[in-house]
Undergrad: 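Dropping the structure in here first, questions after.
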Amino acid sequence: VASGDLEPGHPTFDAAVKAAVKHFQHLHGLEDDGVGGQLTIRELNVPLADRIRQIEINLERWRWLPARLGDRHAIINLPEFNLTVVENEWPVLSMRIVVGKDFTHRTPVFSSEITQVVFNPYWNVPDSIADRELWPEQRRDPGYFAREHIEVLAGGRLRQKPGPWNALGSIKFNIPNRYAVYLHDTPSRELFSRAVRTFSHGCMRVEKPVDLALYLLRDNPGWTKERIIEQSKTGVERAIDLRSPLTVHVLYWTAYVDGGEVHFAPDIYARDPALDAAMRKRAPRF
């Protein structure tokens, strides 16, 4: 009632209350099932002062950005698990994403450009994943690499062949950056239905890879949606350099405005407290 989600005068959990709960959940990054579960109750009990501070923290993050993000750019908000392409301040394409699953594999914040679309990519397995996960699995099950179409290269490096089994799916989007992360398709489509989508090793999985490829290749003649789908099924790796690279900003906002409403997202990497503490420190005197 205080936040305007519900009119007063509902002594029972009726349809109006359920609709109000669903709207509240939508604004707080929760599964909008209309059920007053533990996570929903926790968010309802956050004091107003804490929400105001959360907005102040994210206004500080805005100050770190340039005045103009570019006439044509993509915004990735990690706590929102969303990618939006913007042209002249208007969204033209939006999709859900999956991001890094924990502190060790958290997706970094950075700005760069999407420069290349790669069809049927090989997955060159990072040494950390190979050492911690894949080699131990192969030692437990000697047939694991064969089933997963994983090749052992010179020096013991691992590489997964293109195909429907590939962890990167059928399309990869290269973004030059010092963290070696990128956007890519995924065979695990069911994860996009989750409210909290922290499942990757740091790279970002996209819900609509074909739509994103179509948008990015619009200046490369001949790349229709049909051709993109056909190319992604060949099983042969092919990289296409973009004639017009797309600026991309990977950001971390736990409070943001969408559709004229303030949304609050989960602090998935616990970054808000550290920034809060830094903002409370007194500036040094010179």
Side-chain angles (χ1 to χ4, degrees), residues 29 54 57-87 89 91-118 121 123-129 167-169 171-186 196-209 212-213 215-216 239 241-242 244-258 263 265-276 278-279:
Q54 191 172 350
I57 288 169
N58 283 275
L59 286 172
E60 170 65 18
R61 290 186 173 118
W62 265 108
R63 295 179 62 244
W64 306 344
L65 299 176
R68 291 187 59 82
L69 300 178
D71 293 337
R72 178 173 168 266
H73 62 270
I75 290 288
I76 295 174
N77 184 15
L78 300 177
E80 185 188 2
F81 311 108
N82 191 73
L83 179 155
T84 301
V85 178
V86 178
E87 286 188 7
E89 301 185 4
V92 296
L93 179 64
S94 184
M95 66 192 68
R96 300 175 182 182
I97 62 171
V98 171
V99 304
K101 58 186 175 182
D102 53 31
F103 185 83
T104 304
H105 298 103
R106 61 183 178 179
T107 303
V109 171
F110 65 96
S111 293
S112 184
E113 291 182 329
I114 302 176
T115 60
Q116 194 178 61
V117 176
V118 182
W123 179 36
N124 294 293
V125 182
D127 290 340
S128 58
I129 298 176
L168 306 185
I171 308 177
K172 170 186 171 184
F173 305 90
N174 279 332
I175 315 171
N177 63 88
R178 65 189 182 93
Y179 307 103
V181 300
Y182 43 84
L183 295 163
H184 64 85
D185 182 19
T186 175
V196 176
R197 295 186 288 278
T198 49
F199 299 103
S200 82
H201 287 89
C203 289
M204 295 158 281
R205 309 174 192 176
V206 296
E207 179 188 20
K208 303 174 184 177
L212 182 57
Y215 177 84
L216 293 171
D241 293 329
L242 299 182
S244 302
L246 179 68
T247 299
V248 58
H249 303 283
V250 184
L251 305 174
Y252 193 90
W253 290 328
T254 57
Y256 59 95
V257 174
D258 183 32
H263 291 244
D267 186 10
I268 54 176
Y269 301 142
R271 286 175 166 163
D272 282 4
L275 180 53
D276 180 33
M279 291 170 65

Undergrad: Regarding Tyr252 and Asn58, do their side chains bring together a donor and an acceptor under 3.5 Å, going by distance alone?
TA: no
Undergrad: If you measure from CG on Asp258 to OG on Ser94, what distance do you get to the nearest 0.5 Å?
TA: 8.0 Å
Undergrad: Can you tell me how far CG of Leu216 sits from OG of Ser244, rounded to the nearest 0.5 angstrom?
TA: 10.0 Å
Undergrad: So, does Arg205 use its side chain to make a donor-acceptor pair with the main chain of His184 at under 3.5 Å?
TA: no
Undergrad: Holding to salt bridge (Lys or Arg N to Asp or Glu O under 4.0 Å), I want the full list of residues that pass it with Arg96, two or more places apart in sequence or in another chain.
TA: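 For Arg96, no residue satisfies salt bridge (Lys or Arg N to Asp or Glu O under 4.0 Å) once neighbours in sequence are set aside.
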Undergrad: Which residues satisfy the side chain to side chain donor-acceptor pair (under 3.5 Å) test with His201, sequence neighbours excluded?
TA: Glu133
Undergrad: Using the side chain to side chain contact (heavy atoms under 4.5 Å, CB included) rule, pick out the option among Val206, Thr186, Thr107 that qualifies with Ile97.
TA: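 Considering Val206, Thr186, Thr107, a side chain to side chain contact (heavy atoms under 4.5 Å, CB included) with Ile97 is found only for Val206.
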Undergrad: Looking at residues at least two apart in the chain, or sitting in another chain, which of them share a side chain to side chain donor-acceptor pair (under 3.5 Å) with Glu113?
TA: none
Undergrad: Identify the two heavy atoms, one from Val118 and one from Gln116, that lie closest to each other, and give their separation to 0.1 Å.
TA: CG2-OE1, 3.7 Å
Undergrad: Would you find a donor on one side and an acceptor on the other, under 3.5 Å apart, between the side chain of Thr198 and the backbone of Val99?
TA: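 Answer holds: no.
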Undergrad: Would you list the pairs meeting salt bridge (charged side-chain N to carboxylate O under 4.0 Å, His left out) in which at least one residue belongs to residues 171-186, sequence neighbours left out?
TA: Asp185-Arg189
Undergrad: When rounded to the nearest 0.5 angstrom, what distance separates CE in Met95 from CD1 in Ile76?
TA: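 Rounded to the nearest 0.5 Å, the CE-CD1 separation comes to 9.5 Å.
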Undergrad: Are Phe173 and Tyr182 close enough that their ring centres sit under 6.0 Å apart?
TA: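 No, the ring of Phe173 stays outside the 6.0 Å limit from the ring of Tyr182, centre to centre.
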Undergrad: Check ring pair (Phe, Tyr, Trp, His ring centres under 6.0 Å) between Phe199 and all other residues, then give those that pass, not counting sequence neighbours.
TA: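 Checked Phe199 against ring pair (Phe, Tyr, Trp, His ring centres under 6.0 Å); zero matches.
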Undergrad: side-chain contact (heavy atoms from CB on, under 4.5 Å) for Leu78 and Arg106? Distances and angles first, verdict last.
TA: CA-CA 10 Å; Leu78 300 177; Arg106 61 183 178 179; over 6 Å; no
Undergrad: Does Ile175 reach the side chain of Thr115, with side-chain heavy atoms less than 4.5 Å apart?
TA: no
Undergrad: For the atom pair CH2 (Trp123) and SG (Cys203), what is the distance rounded to the nearest 0.5 Å?
TA: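 Separation between the atoms: 9.5 Å.
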Undergrad: Can you give me the closest heavy-atom contact between Pro176 and Ser112, atom names plus distance?
TA: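 Shortest heavy-atom contact: O-OG, 2.5 Å.
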Undergrad: Could you work out, with ring pair (Phe, Tyr, Trp, His ring centres under 6.0 Å) as the rule, every residue matching His73, not counting sequence neighbours?
TA: His249
Undergrad: With distance as the sole criterion, is a donor-acceptor pair present between the side chains of Thr254 and Asp272 under 3.5 Å?
TA: yes
Undergrad: About how many Å separate CG of Asn82 and CD1 of Ile75, when rounded to the nearest 0.5 Å?
TA: 10.5 Å
Undergrad: Partners of Asp127 by salt bridge (Lys or Arg N to Asp or Glu O under 4.0 Å), sequence neighbours excluded?
TA: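 Result, salt bridge (Lys or Arg N to Asp or Glu O under 4.0 Å) vs Asp127: Arg157.
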Undergrad: For Val196 versus Gly29, what's the shortest heavy-atom pair and its separation?
TA: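 Val196 and Gly29 have their closest heavy atoms at CG2-O, 4.5 Å.
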Undergrad: Heavy atoms, side chains only, cut-off 4.5 Å: are Ile57 and Met279 in contact?
TA: yes
Undergrad: Starting at CZ of Arg61, measure out to CG of Asn77 and round the result to the nearest 0.5 Å.
TA: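 Spacing of CZ (Arg61) from CG (Asn77) equals 9.5 Å.
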Undergrad: Sequence neighbours left out, what passes ring pair (Phe, Tyr, Trp, His ring centres under 6.0 Å) with Trp253? Give chain and number order.
TA: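 Testing Trp253 for ring pair (Phe, Tyr, Trp, His ring centres under 6.0 Å), a comparison that skips the adjacent residues, returns Trp62.
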Undergrad: Between Tyr269 (side chain only) and Gly100 (backbone N and O only), is there a donor and an acceptor less than 3.5 Å apart?
TA: yes
Undergrad: Can you list everything that forms a side chain to side chain donor-acceptor pair (under 3.5 Å) with Thr247? Sequence neighbours excluded, please.
TA: none
Undergrad: Show the numbers, then the answer: is there a side-chain contact (heavy atoms from CB on, under 4.5 Å) between Leu83 and Leu183?
TA: CA-CA 10 Å; Leu83 179 155; Leu183 295 163; 3.9 Å; yes
Undergrad: Apply side chain to side chain donor-acceptor pair (under 3.5 Å) to Tyr215 and list each qualifying residue two or more places apart in sequence or on a separate chain.
TA: Arg72, Glu87
Undergrad: Contact between Leu242 and Ile114 at the side-chain level, heavy atoms closer than 4.5 Å - yes or no?
TA: yes
Undergrad: Taking all non-hydrogen atoms of both residues, which atom of Gly202 and which atom of Pro108 are closest, and how far apart?
TA: O-CD, 4.5 Å
Undergrad: Please assess Ile268 against Phe81 for the test side-chain contact (heavy atoms from CB on, under 4.5 Å), listing each intermediate value before the final yes or no.
TA: CA-CA 10 Å; Ile268 54 176; Phe81 311 108; 3.7 Å; yes
Undergrad: Suppose we screen for side-chain contact (heavy atoms from CB on, under 4.5 Å). Which residues come up paired with Asp102, at least two apart in sequence or across chains?
TA: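 By the side-chain contact (heavy atoms from CB on, under 4.5 Å) rule, Asp102 matches Thr104, His105.
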Undergrad: Among all residues two or more places apart in sequence or in another chain, which pass the salt bridge (Lys or Arg N to Asp or Glu O under 4.0 Å) test with Asp71?
TA: Arg68
